[in-house]
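Structure first, commentary second.
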There are 2 protein chains.
Amino acid sequence: MANKSKKEHILTVASDLFNKKGIRATGVDQVVSESNIAKMTLYNHFRSKDELVLAYLMKYDDEWRKRFEDSVNKSAKTPRDKLLAVFDMLGEWFGEPEFNGCVYIKTAAEFMDHSHPYYEAARNYKAFMKKYIDSVLNECPSVNREALSSGLSLLVEGAITAAMLQTDPKPAEHARDTARVIIDYYLANNK
Amino acid sequence: MANKSKKEHILTVASDLFNKKGIRATGVDQVVSESNIAKMTLYNHFRSKDELVLAYLMKYDDEWRKRFEDSVNKSAKTPRDKLLAVFDMLGEWFGEPEFNGCVYIKTAAEFMDHSHPYYEAARNYKAFMKKYIDSVLNECPSVNREALSSGLSLLVEGAITAAMLQTDPKPAEHARDTARVIIDYYLANNK
DNA sequence: TTGAAACTATACAGACCTGTATGTATACTA
DNA sequence: TAGTATACATACAGGTCTGTATAGTTTCAA
């Protein structure tokens, strides 16, 4: 096992634990134990648990961004279809057995102090979704983009939260249906 | 200070800490210290931290339910106005300086194990919102109530999450605007 | 084959956690 | 006024946490 892949292995195991149990609830000893490494090896690759957590947050940004763009840009052509494809992707995501809610919502919820580095990181990574929707809507001049973009973003966040709390049996489908209504409204009315 | 109010005092202080810092991050010693009581007094009123946490979750259900119904039923008459009033109330809530996100989203995020009592409690208390929206929509026969109710619930959850993560500068207003569009759509089309 | 870098195993320091034990003081009730 | 329930302060038991210290072992390249 090469040097680099050992570091990645530790990060993978740690990420899985952070995601499933939470950051505070996951101890360094447990990461060490489940990684089958020595504690000093972990502290050789990561200066502290703090650094490991920040690597975890960054890792999810990379993975999610890639996955998102792949899935959405695959088939959709028109802005309307691209926007609706977002909700199809959410549905796939929610259906996975490993689905465990949104890392950033959970992290922000666990470290609500607005000046905490984890909260700020989560907040920053989250901005990606709205930026993507905005970029798709840039193809639609003479549309009230701010209103539509906000509405869609709220539906995405709502669906993720509902999936996390299991308060809606089909959050992605319901969000998609609602999204269709407001997309058609704003596109048709040019306002 | 009477017996009963001392217990309430402890619960108030503890709730504030749980809400601001998180449940795991708040130690019993800190609750004791900020309550200006003896540790044994706390353990005399609550068998364990666990019992204190469950009391905290229940307390928020009571308060939020009351506040919600008061605020919403005050002025609104028609189903349409009652539904829109929900988002006005959210706007007031988000604007308060003590606003710290939704207790139940945060608790579920901190204890994601679906069999954990805190997760289940949070999930159950959360169901209240959808039930309320459903009850308002019961006044509207021949409307696709399931679709509209789901859409509105997702907008509510999305607005709360966006307010928590500060990813939208005006989550309640944007959610209200979007809600208006879908309400008018479903009510007008009778579907 | 020799030497440096990486990894391993174990122990432990110091801080924090929940919950208990003990004895004293206060306040209400009979 | 005597007795009882409640609250007090302090100490501590036993566990967990992060991070370090130390010494032995593997790996790999020169």
Side-chain angles (χ1 to χ4, degrees), chain A residues 1-58 106-107 109-113 116-119 121, chain B residues 1-58 106-107 109-113 116-119 121:
Chain A
M1 201 181 278
N3 184 2
K4 193 181 174 187
S5 73
K6 177 140 287 196
K7 181 170 185 176
E8 280 171 4
H9 170 64
I10 295 172
L11 181 54
T12 301
V13 172
S15 296
D16 201 51
L17 287 168
F18 289 151
N19 196 8
K20 275 192 189 128
K21 301 185 43 185
I23 292 173
R24 276 208 164 85
T26 301
V28 171
D29 281 334
Q30 193 176 357
V31 174
V32 166
S33 156
E34 298 208 7
S35 300
N36 289 111
I37 52 146
K39 197 173 196 175
M40 279 313 292
T41 304
L42 187 151
Y43 277 101
N44 188 34
H45 288 294
F46 301 94
R47 274 191 237 174
S48 61
K49 180 183 177 181
D50 209 67
E51 202 174 286
L52 184 60
V53 171
L54 291 172
Y56 154 69
L57 295 177
M58 192 178 297
K106 290 191 291 179
T107 302
E110 207 174 344
F111 301 88
M112 272 294 287
D113 178 3
H116 195 291
Y118 300 171
Y119 178 87
Chain B
M1 201 180 279
N3 185 3
K4 195 181 172 186
S5 72
K6 176 138 291 198
K7 181 171 184 174
E8 280 171 4
H9 170 64
I10 296 172
L11 181 54
T12 301
V13 171
S15 297
D16 201 51
L17 287 168
F18 289 151
N19 197 7
K20 276 194 188 129
K21 298 186 44 184
I23 293 173
R24 275 207 164 87
T26 301
V28 171
D29 280 334
Q30 193 177 357
V31 174
V32 166
S33 156
E34 297 208 7
S35 300
N36 289 111
I37 54 146
K39 198 173 195 175
M40 280 313 293
T41 304
L42 186 152
Y43 277 98
N44 189 36
H45 289 294
F46 302 93
R47 274 192 235 173
S48 59
K49 180 183 175 179
D50 210 68
E51 202 172 289
L52 184 60
V53 171
L54 290 172
Y56 154 69
L57 294 176
M58 190 178 298
K106 289 191 291 178
T107 302
E110 207 173 346
F111 301 88
M112 271 293 287
D113 178 2
H116 196 292
Y118 301 170
Y119 178 87

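Throughout, protein chains are lettered first and strands after them, A, B, ... in sequence-line order, and every chain is numbered starting at 1. Source: prediction; values computed, not measured.
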From C:dA21, D:dT18, C:dA9, nucleotide with atom closest to A:Lys49 side chain: D:dT18
Residues in salt bridge (charged side-chain N to carboxylate O under 4.0 Å, His left out) contact with B:Asp113, at least two apart in sequence or another chain: none
Nucleotide nearest B:His45 when distance is taken to its side chain, options C:dG19, D:dT20, D:dA7: D:dA7
Heavy-atom side-chain proximity of B:Lys106 to B:Ile23 below 4.5 angstrom: no
Atom-pair distance (CE on B:Met40; P on D:dA13), nearest Å: 17 Å
Residue list, ring-ring contact (aromatic ring centres under 6.0 Å, His included) with A:Tyr43, at least two apart or on another chain: none
Between C1' of D:dT26 and CD1 of A:Ile37, the distance in whole Å: 16 Å
With sequence neighbours excluded, residues passing side-chain contact (heavy atoms from CB on, under 4.5 Å) with B:Asn44: none
Closest nucleotide among D:dA7, C:dG19, D:dA21 to the B:Tyr43 side chain: C:dG19
Qualifying residues under ring-ring contact (aromatic ring centres under 6.0 Å, His included), relative to A:Phe18, sequence neighbours excluded: A:Tyr56
Length of the CD-P vector between B:Glu8 and D:dA7, whole Å: 13 Å
Qualifying salt bridge (Lys or Arg N to Asp or Glu O under 4.0 Å) pairs with a residue from residues 40-49 of chain A, counting only residues at least two apart or across chains: A:Arg47-A:Glu51
Short side-chain N/O contact to C:dT26 OP1/OP2 from B:Lys6, under 4.0 Å: no
Between C1' of D:dA7 and NE2 of B:His9, the distance in whole Å: 13 Å
Closest nucleotide among D:dC8, D:dG19, C:dT20 to the A:Lys39 side chain: D:dG19
Interatomic distance where CG belongs to A:Asp50 and P belongs to D:dG19 [whole Å]: 8 Å
Those residues of residues 21-34 of chain B lying under 4.0 Å from DNA chain D by at least one heavy atom: none
Between C1' of D:dA9 and CG of B:Asn36, the distance in whole Å: 13 Å
Whole-Å distance separating the CD atom of A:Glu51 from the C1' atom of D:dT18: 14 Å
Side chains of B:Leu54 and B:Met58 in contact at under 4.5 Å (non-hydrogen atoms): no
Rounded distance (Å) that lies between atom C1' of C:dT18 and atom CZ of B:Phe18: 12 Å
